Amino acid sequence: QVQLVESGGGSVQAGGSLRLSCVVFGYSSSRYCMGWFRQAPGKEREGVATIYTGGDNTYYTDSVKGRFTISRDRSSNTLYLQMNSLKPEDTAIYYCAAEPYFVCAAVPGRGAFRFWGQGTQVTVSS
């Protein structure tokens, strides 16, 4: 049973930084796509960033390029999202997601992933 457990959300002022973490339990393959999504009130869940563990290739949606960095620690099976220069429009619930054997080459839609974390709230005030 694959389980994803997130942590690291919180409240910051605009311009601040947060780092989200997501630990993956119950999966031992070295080839899968992992990603971060977010959902603001009244909006669809959108992809933010993805990483393919086969080569650590990373992909970002345009609105976060240059501000967010996705990375992973292979030894601890942990996915990270470092968020800098945060803006009020980044306010949302952030979810991590994983899909085995999926060779992601962009930020796909939510339908590409079967396994999800519980979500963590990020609030950015102006």
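Quantities reported herein were computed from a predicted structural model and do not represent experimental measurements.
- Side chains of Pro100 and Arg114 form a contact here, defined as non-hydrogen atoms less than 4.5 Å apart.
- One finds the CD1 atom of Ile93 at 15.0 Å from the CZ atom of Phe37 (value rounded to the nearest 0.5 Å).
- Both cation-pi conditions hold for Arg45 and Tyr95: the charged atom is under 6.0 angstrom from the six-membered ring centre and inside a 45 degree cone around its axis.
- Atoms NZ and OG, on Lys87 and Ser126 in that order, are 13.5 Å from each other to the nearest 0.5 Å.
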**Prompt:** Can Met83 and Val64 be said to form a side-chain contact (heavy atoms from CB on, under 4.5 Å), step by step?
**Reply:** CA-CA 9 Å; Met83 304 184 293; Val64 307; over 6 Å; no
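- A distance-only check finds a donor-acceptor pair linking the side chain of Asn77 to the backbone of Val24 [under 3.5 Å].
- Taking both residues in full, the closest heavy atoms of Thr91 and Val124 are given as OG1-N, 2.9 Å, listed atom of the first, atom of the second, then distance.
- Residues Trp36 and Leu18 share a hydrophobic cluster, clusters being chains of Ile/Leu/Val/Met/Phe/Trp/Tyr side chains in contact below 4.5 Å.
- Hydrophobic cluster membership is shared by Val12 and Phe68, with clusters built from Ile, Leu, Val, Met, Phe, Trp and Tyr side chains linked at under 4.5 angstrom.
- For the atom pair Cys22 SG and Glu6 CD, the distance stands at 5.5 Å (nearest 0.5 Å).
- Rounded to the nearest 0.5 angstrom, Tyr52 OH and Glu99 CD are separated by 12.0 Å.
- Looking at every heavy atom in both residues, Phe102 comes nearest to Cys33 through O-CB, 3.2 Å.
- Minimum heavy-atom separation, Leu79 to Cys96: CD2-CB, 4.2 Å.
- The pair Lys65-Asp62 meets the salt-bridge criterion, since a charged nitrogen lies less than 4.0 angstrom from a carboxylate oxygen.
- Checking each of Ile51, Thr120, Leu20, Thr69 against Leu81 for a side-chain contact (heavy atoms from CB on, under 4.5 Å) leaves exactly one that passes, namely Leu20.
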**Message:** Using the rule given for side-chain contact (heavy atoms from CB on, under 4.5 Å), can you reason through Phe113 versus Thr50, listing the C-alpha separation, both sets of side-chain angles and the distance that settles it, and then say yes or no?
**Reply:** CA-CA 11 Å; Phe113 296 90; Thr50 55; 4.3 Å; yes
**Asked** Which is it for Arg38 and Val122 under the side-chain contact (heavy atoms from CB on, under 4.5 Å) test, yes or no, and what are the steps along the way?
**Response** CA-CA 9 Å; Arg38 64 187 181 186; Val122 171; over 6 Å; no
**Message:** For Ile70 and Tyr60: C-alpha separation, side-chain torsions, deciding distance, then whether side-chain contact (heavy atoms from CB on, under 4.5 Å) applies.
**Reply:** CA-CA 9 Å; Ile70 188 171; Tyr60 299 90; 3.5 Å; yes
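- Here the shortest heavy-atom pairing between Tyr94 and Ala92 reads CD1-O, 3.4 Å.
- Under the 3.5 Å distance criterion, the side-chain polar atoms of Trp116 are left unmatched by any main-chain donor or acceptor of Leu4.
- Thr53 approaches Tyr32 most closely through the heavy-atom pair OG1-N, 2.8 Å.
- Residue Gly54 comes nearest to Arg31 through the heavy atom pair CA-CD, 3.6 Å, listed as atom of the first residue, atom of the second, then distance.
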